[in-house]
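Only one structure is covered here, and it is reproduced in the block below.
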Amino acid sequence: MLHINKIRDNRDSYIEQLKIKNFDAFTLIDAVIFKDDERKVTQQKADELLSKANQLAKQIGELYKTGKVAEANILKKESSAIKESSKTLQTKQGELEKKIQDILVQIPNIPHPTVTEGKSDADNVTLKEVGAIPTLMEGAKPHWELTSDYNLIDFELGNKITGAGFPVYVNKGAKLQRALISYFLDKNTDAGYIEYLPPHLVNEASGFGTGQLPDKEGQMYHAIEDDLYLIPTAEVPVTNFFRDVIVKEFPIKCTAYTPCFRREAGSYGKEVRGLNRLHQFDKVEIVQVQHPEKSYETLDVMVQHVASILDELELPYRILKLCGGDLSFTAALTFDFEVYSAGQERWLEVSSVSNFESYQANRLKLRYKDDNGKTQLCHTLNGSALALPRIYAALIENNQTAKGIIIPKALHPYTGFDIIK
RNA sequence: GGAGAGAUGGCAGAGUGGUCGAAUGCGGUGGUCUUGAAAACCAUUGUACAGCAAUGUACCGGGGGUUCGAAUCCCUCUCUCUCCGCCA
């Protein structure tokens with residue numbers, strides 16, 4: 001959520017910059033400024049009346065103390081009248097505030113100046129490509145066949161007990177999954193991130209804090225009985241740790257492994273086959289809270305960090321800078337990582353590293369005190385380091401050999417085996 | 001699930017109708033003292049909105065009500081704690 005004062009100060013440039021996101025903000029921005037003007041006037045009037053009422057109440061108290069009941073009664077009447085009109089104004093003010101809020105949540109974050117125009121993911125800019133595309137042996141298979149051949153993942157069993165998109169990992173397939181989680185967490189904690197293991201269900205306030213609610217309500221599983229939401233990413237619980245917090249020291253660095261639950265309503269077909277898109281998947285997330293002046297520097301460091309993990313896993317990958325059209329509602333700048341999946345001969349997104357600037361912080365009321373002692377909004381950033389299923393898919397596809405699936409060296413200490421036969 | 005207690009500033013904790021944005025202690029910040037530090041002493045120390053400012057308004061878990069006036073009384077919701085039950 002953008003801050004109303006910033007919208008006021010930057011009206012024209014915001015409208016211009018949001019065009020990069022293919023978003024026509026003209027109507028909303030003018031509406032919100034108009035409503036805010038109205039709000040200010042209303043508040044001024046209401047405050048004035050309330051001030052008068054407070055004074056009268058004090059006088060009445062004095063009069064009672066000195067036994068001047070008759071005079072007090074006259075003032076009482078006056079006070080009642082004031083109270084009535086102030087109440088009307090306060091109601092109006094409340095309605096205006098709600099309306100302003102309603103509009104504000106509809107305006108996306110302002111893209112960073114370096115974000116280029118574009119309609120869809122086709123227009124993203126490839127910044128760099130690392131590692132050679134592997135040439136596989138004759139008869140190489142996509143992962144959904146490999147997982148079956150080597151008995152690593154039982155999709156059918158998942159179907160039986162839950163439904164499509166809920167795989168069951170088996171034997172070495174399960175061990176590999178666990179190894180990846182541990183490996184990622186260790187890489188992150190080695191880089192100074194504090195490890196957390198948060199709840200996998202959150203309340204409504206948390207869903208709102210990171211922007212899933214009210215806009216993306218349909219994406220989350222909702223446990224209606226208890227009014228709790230299954231998290232679609234660790235970003236939700238972890239970022240909400242800092243809701244209503246005034247931070248003392250930067251940066252705050254967190255990492256967390258969680259399963260992620262996504263309804264993905266309306267997805268089907270080849271694109272979502274096997275591990276490509278799931279309703280439940282595992283992900284290790286990194287989150288940082290940073291001083292506004294340092295957040296872009298931090299974004300680069302986070303990108304480097306994710307790249308270093310992929311280097312170590314010996315997976316060919318590319319880094320994309322998202323164009324305006326593909327940038328998420330809340331992000332100002334995002335870099336995507338895609339690994340090459342040789343069995344499917346396509347690139348798969350495995351990480352998305354973003355700077356949200358103060359967009360989330362404004363909703364969260366996540367602030368710090370500047371040198372003048374004034375409270376200011378922090379910047380928040382997050383990224384996957386990393387999302388498991390597609391890494392898993394690329395790993396087994398790219399490393400399939402006639403002898404079996406070769407496990408990269410970096411994982412040996414975690415798996416305890418170096419090949420799956 | 002049953003019974004009871006509670007929710008106050010960064011923390012602890014007082015406050016049952018007016019002079020309470022809120023005692024006191026701890027913590028934080030600034031200063032005095034000191035070669036330096038500690039101790040001691042003094043001062044200061046919540047957030048948001050409106051305003052150039054002075055200042056005003058709102059907030060004592062959330063919402064509503066009574067009253068001229070509510071942290072304080074009433075209703076309601078949420079959460080926490082204790083005991084019992086159940087249980088990994």
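The chains referred to below are lettered A, B, ... by the order of the sequence lines, with proteins before strands, and numbering in each begins at 1. Hydrogens, waters and symmetry mates play no part in the numbers below; they use all other heavy atoms, side chains included.
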Is a salt bridge present between R8(A) and D37(A), judged by a nitrogen-to-oxygen distance below 4.0 Å?
-> yes

May I ask you to say whether K99(A) pairs ionically with D102(A), meaning some side-chain N is under 4.0 Å from a carboxylate O?
->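 Salt bridge between K99(A) and D102(A), a charged N being under 4.0 Å from a carboxylate O: no.
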
Partner lookup for [N], please. Criteria are Watson-Crick or G-U wobble with both distances under 3.5 angstrom; report none if nothing qualifies.
N	result
rC52(B)	none
rA38(B)	none
rG25(B)	rC11(B)
rC79(B)	rG6(B)

For a quick check of understanding: with a heavy-atom distance under 4.0 Å over all strands, which category does [X] fall into, base, sugar-phosphate or nothing?
X	answer
K83(A)	sugar-phosphate
L56(A)	nothing
Q44(A)	sugar-phosphate
N54(A)	sugar-phosphate

To the nearest Å, give me how far apart [atom1] ([X]) and [atom2] ([N]) are.
X	N	atom1	atom2	result
Q59(A)	rU19(B)	CD	P	14 Å
E84(A)	rG65(B)	CD	C1'	15 Å
K374(A)	rC49(B)	NZ	C1'	12 Å
E71(A)	rC68(B)	CD	P	18 Å

Hey, does the side chain of S79(A) come within less than 4.0 Å of rG69(B)'s phosphate (OP1/OP2), counting only N and O?
->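 No, S79(A) has no side-chain N/O under 4.0 Å of OP1/OP2 on rG69(B).
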
For rA50(B), does either OP1 or OP2 sit under 4.0 Å from a side-chain N or O belonging to R39(A)?
->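 Checking rA50(B) against R39(A), a side-chain N or O does come within under 4.0 Å of OP1 or OP2.
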
Give a yes or no on whether the ring-centroid distance for Y257(A) and F184(A) is below 6.0 angstrom.
->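 No, the ring centres sit 6.0 Å or more apart.
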
Is the distance between the ring centroids of H291(A) and Y368(A) under 6.0 Å?
-> yes

rC49(B), rU19(B), rC68(B): which one has an atom nearest the side-chain heavy atoms of S80(A)?
->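 The answer is rC68(B), which lies nearest to the side chain.
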
Identify which nucleotide among rG56(B), rC68(B), rA48(B) has an atom closest to any side-chain atom of R367(A), counting heavy atoms from C-beta outward.
->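 When the side chain of R367(A) is considered, rA48(B) is the closest of rG56(B), rC68(B), rA48(B).
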
For rA58(B) versus rC42(B), give the span between their P atoms, rounded off to a whole number of Å.
->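 34 Å, rounded to whole Å.
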
Inter-nucleotide C1' distance (rG65(B), rA70(B)), Å rounded =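 rG65(B) and rA70(B) have their C1' atoms separated by 12 Å.
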
For the pair F329(A) and Y359(A), name the ring-plane relationship: parallel under 30°, tilted 30 to 60°, perpendicular over 60°.
-> perpendicular

